[in-house]
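Here is the structure we will look at.
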Amino acid sequence: MANKNEYIGEAWETLMALSADERKRLEYEAREKAIRDHKAAMSYARKEGEAKGMEIGIEKGIAKGIEQGIAKGIEQGIEQGANRILRIIKMHKEGAPNAEIAEACETSVEEVERVLAEVF
């Protein structure tokens, strides 16, 4: 088979030359071991780097999500508060009693009175 394929033939000749000289064979084996060790070290370093990068990415993602969630929550709270105030004013102008306004707006009568006192 070595005679039929050029590349296998070259590899066979190299193997024969290295096998004939003990010193060259040991140098070759040491070189191959160094290459395997380097590849293993690079693979380990890449996996460690990916794991650390993932950890940092998750931490940053959580922090950003919390930041955005807080901002969105504040925005929604302000909007809901403004809508509640507008509804209190509208119902008051329509002549609804404070107790009815409080129930409809899911708040206390005291809160309705405080809003009306500030507006009117």
Side-chain angles (χ1 to χ4, degrees):
M1 183 163 182
N3 295 334
K4 293 181 182 180
N5 187 311
E6 174 185 347
Y7 299 108
I8 292 176
E10 287 179 29
W12 179 257
E13 288 175 22
T14 303
L15 177 65
M16 289 294 110
L18 290 174
S19 299
D21 184 350
E22 180 70 17
R23 183 172 176 221
K24 284 186 179 180
R25 187 180 59 77
L26 292 174
E27 288 174 357
Y28 172 79
E29 289 175 358
R31 174 79 177 132
E32 288 297 308
K33 182 183 182 311
I35 291 170
R36 283 192 306 272
D37 290 347
H38 177 73
K39 286 180 179 179
M42 292 295 106
S43 176
Y44 176 78
R46 186 186 75 250
K47 288 177 184 175
E48 287 293 307
E50 288 172 352
K52 186 65 176 175
M54 185 70 74
E55 182 181 319
I56 291 170
I58 288 170
E59 289 174 5
K60 286 184 176 181
I62 289 170
K64 181 112 176 148
I66 289 171
E67 180 182 312
Q68 289 176 346
I70 289 172
K72 185 75 170 174
I74 291 171
E75 184 180 308
Q76 286 176 342
I78 291 170
E79 186 177 328
Q80 288 172 354
N83 288 339
R84 180 179 288 165
I85 291 170
L86 292 173
R87 190 164 182 206
I88 290 171
I89 293 169
K90 181 181 178 197
M91 289 181 75
H92 175 74
K93 286 182 177 181
E94 292 172 352
N98 289 353
E100 184 181 321
I101 296 171
E103 187 176 329
C105 294
E106 298 178 354
T107 191
S108 65
V109 174
E110 292 80 18
E111 179 68 15
V112 171
E113 291 171 352
R114 186 188 65 75
V115 168
L116 294 174
E118 289 180 18
V119 172
F120 297 108

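Since the model is a prediction, treat every value here as computed from it, not as a measurement.
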Query raised in the report: What is the minimum heavy-atom distance between Glu100 and Ala96, and which atoms define it?
Result: OE2-CB, 4.1 Å
Query - Main-chain N/O of Ala104 paired with Arg87 side-chain donor or acceptor, under 3.5 Å - result: yes
Report task. For Glu27 and Arg31, run salt bridge (charged side-chain N to carboxylate O under 4.0 Å, His left out): C-alpha distance rounded to whole Å, both residues' side-chain angles, the deciding distance at 0.1 Å, then the answer. Result -> CA-CA 6 Å; Glu27 288 174 357; Arg31 174 79 177 132; over 6 Å; no
Report task. Could you walk me through whether Lys33 and Tyr28 pass side chain to side chain contact (heavy atoms under 4.5 Å, CB included), step by step? Result -> CA-CA 9 Å; Lys33 182 183 182 311; Tyr28 172 79; over 6 Å; no
Query - Stepwise salt bridge (charged side-chain N to carboxylate O under 4.0 Å, His left out) check, Lys47 with Glu50 - result: CA-CA 5 Å; Lys47 288 177 184 175; Glu50 288 172 352; over 6 Å; no
Counting only pairs under 3.5 Å, give me each side-chain donor-acceptor contact of residues 61-74, with atom names and distances, residues two or more places apart or in other chains.
none

Report task. Answer yes or no: does atom CD of Glu29 have more than 12 heavy-atom neighbours from other residues, nucleotides or ligands under 6.0 Å? Result -> yes
Report summary line: Rounded to the nearest 0.5 Å, the SG atom of Cys105 sits from the CD atom of Gln80 at a distance of 12.5 Å
Report summary line: Note: Arg84 and Glu106 closest approach over all heavy atoms is NH2-O, 3.9 Å
Query raised in the report: Below 4.5 Å, heavy atoms only, C-beta onward: do Lys52 and Glu55 meet side chain to side chain?
Result: yes
Query raised in the report: For Phe120, does the CZ atom have more than 12 heavy-atom neighbours from other residues, nucleotides or ligands under 6.0 Å away?
Result: yes
Query - Spacing of Glu32 atom CD and Asp37 atom CG [to the nearest 0.5 Å] - result: 11.0 Å
**Report entry** Single-linkage hydrophobic cluster, 4.5 Å side-chain cutoff, Ile58 and Ile56 together
**Finding:** no
Query raised in the report: What distance do Arg114 atom CZ and Ile88 atom CD1 have between them, rounded to the nearest 0.5 Å?
Result: 8.5 Å
Requested in this report: Say whether Val112 and Val119 are linked into one hydrophobic cluster, either directly or through other cluster members, by side-chain heavy-atom distances under 4.5 angstrom.
Outcome: yes
Query raised in the report: Between atom CD of Glu113 and atom OG1 of Thr107, what is the distance when rounded to the nearest 0.5 Å?
Result: 11.0 Å
Query - 4.5 Å side-chain heavy-atom contact, Leu116 and Asn98 - result: yes
